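Treat the numbers as computed from the prediction; the structure is a model and nothing was measured.
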Amino acid sequence: MNQKERVIHALERKEPDAIPTLEWDINSMIVKAITGSEDILDIIENLDIDGVVIRPNYTKDYIDDEIYIDEWGCKRQITTESISVIIENPI
């Protein structure tokens, strides 16, 4: 059973050959340190896991190097964490 079949079997509540291993979120700096590239899909091969969650890459309107406005109109600041911090919102 390959990785895709293993995950689909588990999602369909069938018994796969092994419990699928998935990663919810991997920081891009960690991906680059392990694989040498910034492609999150490369981590699947390197860590021998069955899958990772892929999120859409929404456009960001940058105000400067550290601050941008996201798709919801929230102003965010990039920090050393993997998720930027909301500093202002439209509500």
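Around CG of Asp64, the count of heavy atoms belonging to other residues, nucleotides or ligands within 6.0 Å exceeds 12. Counting heavy-atom neighbours within 6.0 Å of Lys32 NZ, excluding the residue itself, gives a total of 12 or less. No more than 12 heavy atoms of other residues, nucleotides or ligands lie within 6.0 Å of CD1 in Ile19, so this atom counts as exposed by the packing criterion. Enclosure of atom CD in Glu15 is not indicated, since only 12 or fewer non-hydrogen atoms of other residues, nucleotides or ligands lie within 6.0 angstrom.
Under the 4.5 Å side-chain heavy-atom criterion for grouping Ile, Leu, Val, Met, Phe, Trp and Tyr, Leu47 is connected to Val52 within one hydrophobic cluster. Clustering ILVMFWY residues whenever any of their side-chain heavy atoms sit less than 4.5 angstrom apart, transitively, puts Met29 in a cluster other than the one holding Val31.
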*Can you check side chain to side chain contact (heavy atoms under 4.5 Å, CB included) on Thr59 and Tyr68, steps first, answer last?*
CA-CA 10 Å; Thr59 57; Tyr68 66 91; over 6 Å; no

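Residue Asp48 comes nearest to Thr21 through the heavy atom pair O-OG1, 4.1 Å, listed as atom of the first residue, atom of the second, then distance. The shortest heavy-atom contact between Ile49 and Ile44 is O-CG2, 3.1 Å. Nearest heavy-atom pair across Gly73 and Pro90 is O-CD, 3.5 Å.
Ser37 and Asp42 are linked by a side-chain donor-acceptor pair at a separation below 3.5 angstrom, with hydrogens and angles left out of the test.
A salt bridge links Arg6 and Asp17; the closest N-O separation between the charged side-chain nitrogens and carboxylate oxygens is under 4.0 Å.
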